[in-house]
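Read the structure below first, then the notes.
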Amino acid sequence: MRKTGILGGTFNPIHLAHLRMAEQAYKQFALDEMWLIPAKLPPHKRDQVFSDEHRLNMLRLAISEHPELSLHLYEFLKDGVSYTVETLKALHERYPDTEFYYLMGEDSLRDFHTWYHPEEISRLATIIVAPRSEDSDAFLTLLTRRRKEYGNAFPVLSMPQIPISSTGIRNGMKDGDSMLSSVPEKVYEYMKEHQLYC
């Protein structure tokens, strides 16, 4: 059975926290591969997504020096809104000998009950959770509640918190700040060249 990790998102833009989360999951769970799956039209961010071409170009630049990471365009090439449960169903049909590990942040786990068919997502993939807040007690309370609700182990990613967000990068670029410490150098150069988020 092949073990494949998935990190989905709008990647608007991709940043160093995304990459480190993906790399750590790959190592910690002894995955055979880690896929980054960009959403073309995510259900929660329909009016906030930047140019498809630029997002894909930045993703390709970001993973160019990370052979363990690859770009998977299933959601990007389909029509309509991207729902995680539908993506996982399709991937199981396409790759029947694969065990999937879905990587999400603590904020997504907090909202997980609002996702489309969360109980089925829990059945289709092992959900790895990356802590985001400094309140470890609150995180453990949330984790325990979700484990009881969905019967998923929700294993925790072991890595330090990285206070980087795509929203912060977009706002920083708009304000003229240097975001070089938040994104790969090639991505930063691309954003500057194409005046993205300015």
Side-chain angles (χ1 to χ4, degrees), residues 1-29 31-46 48-109 111-112 114-118 120-130 132 152 154-155 157 159 164-167 169 183-184 187 190:
M1 184 72 75
R2 192 166 183 80
K3 296 169 66 175
T4 297
I6 293 173
L7 177 59
T10 52
F11 301 110
N12 186 36
I14 186 169
H15 51 66
L16 293 178
H18 290 136
L19 294 174
R20 289 173 187 164
M21 284 171 57
E23 289 172 336
Q24 178 60 23
Y26 176 82
K27 295 174 185 176
Q28 182 177 334
F29 295 92
L31 304 178
D32 295 295
E33 56 193 345
M34 171 59 80
W35 293 346
L36 272 61
I37 302 185
K40 187 176 181 66
L41 188 60
H44 301 299
K45 302 181 181 180
R46 299 191 190 191
Q48 304 172 24
V49 181
F50 207 73
S51 158
D52 294 346
E53 179 184 1
H54 287 315
R55 285 192 297 132
L56 285 185
N57 287 342
M58 288 187 287
L59 274 164
R60 292 188 177 103
L61 289 170
I63 67 173
S64 62
E65 297 176 3
H66 300 271
E68 71 278 13
L69 308 181
S70 59
L71 193 57
H72 198 292
L73 299 180
Y74 171 77
E75 290 189 356
F76 216 82
L77 298 176
K78 70 185 287 290
D79 294 327
V81 175
S82 300
Y83 290 104
T84 299
V85 66
E86 294 174 353
T87 297
L88 287 171
K89 284 180 181 178
L91 292 176
H92 271 284
E93 290 180 8
R94 192 174 299 183
Y95 307 98
D97 297 324
T98 298
E99 182 179 358
F100 290 102
Y101 290 72
Y102 191 89
L103 180 57
M104 69 167 60
E106 179 182 344
D107 49 344
S108 294
L109 182 65
D111 298 333
F112 189 57
T114 69
W115 288 29
Y116 187 58
H117 293 309
E120 196 160 5
I121 296 172
S122 295
R123 183 180 61 80
L124 292 168
T126 297
I127 300 172
I128 303 169
V129 183
R132 291 278 177 88
N152 195 299
F154 291 107
L157 194 66
M159 64 174 287
I164 300 174
S165 71
S166 295
T167 300
I169 292 168
V183 298
V187 172
Y190 184 91

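Position 1 is the first residue of the sequence, and the numbers go up from there.
For the atom pair CG of Leu77 and OG of Ser82, the computed distance is 10.0 Å after rounding to the nearest 0.5 Å. The distance from the CG atom of Leu7 to the CG atom of Leu69 is 9.0 Å, given to the nearest 0.5 Å. Put simply, CD on Glu33 and NE2 on His72 are 8.5 Å apart, with the number rounded to the nearest 0.5 Å. Between the CD1 atom in Ile6 and the CG atom in Leu88 there is a gap of 5.0 Å [rounded to 0.5 Å]. Between Met104 atom CE and Ile128 atom CD1 the span is 10.5 Å, to the nearest 0.5 Å. In this structure, CD1 on Ile127 lies 8.0 Å from CG on Leu109, to the nearest 0.5 angstrom.
Residues Leu56 and Pro38 have side chains in contact (heavy-atom distance under 4.5 Å, counting atoms from C-beta outward). Considering only heavy atoms from C-beta on, Asp97 stays 4.5 Å or farther from Arg2 through its side chain. Side-chain contact between Pro184 and Leu16 is present, with heavy atoms from C-beta onward closer than 4.5 Å. Looking at Tyr101 and Met34, their side chains never come closer than 4.5 Å, going by heavy atoms from C-beta outward. Tyr83 has its side chain out of reach of His117: every pair of non-hydrogen atoms, C-beta onward, lies at least 4.5 Å apart. Contact of the Leu91 side chain with the Leu124 side chain is not registered, since no non-hydrogen atoms from C-beta on lie closer than 4.5 Å. At a threshold of 4.5 Å between non-hydrogen side-chain atoms, the residues Thr126 and Phe29 do not count as touching. Here the side chains of Ser166 and Thr10 are not in contact, with every heavy-atom distance at 4.5 Å or above.
Proximity of a side-chain donor or acceptor of His92 to a complementary backbone N or O of Lys89 within less than 3.5 Å is not detected. A donor-acceptor pair is defined here as one N or O able to donate and one able to accept, closer than 3.5 Å; such a pair exists between the side chain of Asp32 and the backbone of Lys3.
Considering all non-hydrogen atoms of both residues, Ala22 and Leu36 come closest at CB-CD1, 4.4 Å. Listed here is the closest heavy atom pair of Ala39 and Arg55: O-NH1, 3.0 Å. The two residues Ile121 and Trp115 make their nearest non-hydrogen contact at CD1-CE3, 3.8 Å. Scanning all heavy atoms of the two residues, the minimum distance from Met1 to Thr98 falls at SD-N, 3.5 Å. In terms of heavy atoms, Arg132 sits closest to Glu106 at N-OE1, 2.7 Å. In plain terms, the two heavy atoms of Ala125 and Asn152 that are nearest each other are O-ND2, 3.0 Å.
Between Glu120 and Arg123 there is a salt bridge, since a side-chain N of the basic residue sits under 4.0 Å from a carboxylate O of the acidic one.
Between Phe11 and His18, the ring planes lie perpendicular to each other; the angle is over 60°, past the 30° to 60° tilted range.
A ring-ring contact (aromatic ring centres under 6.0 Å, His included) with Trp35 is found for one member of Tyr95, Phe76, Tyr26 and no other, namely Tyr95.
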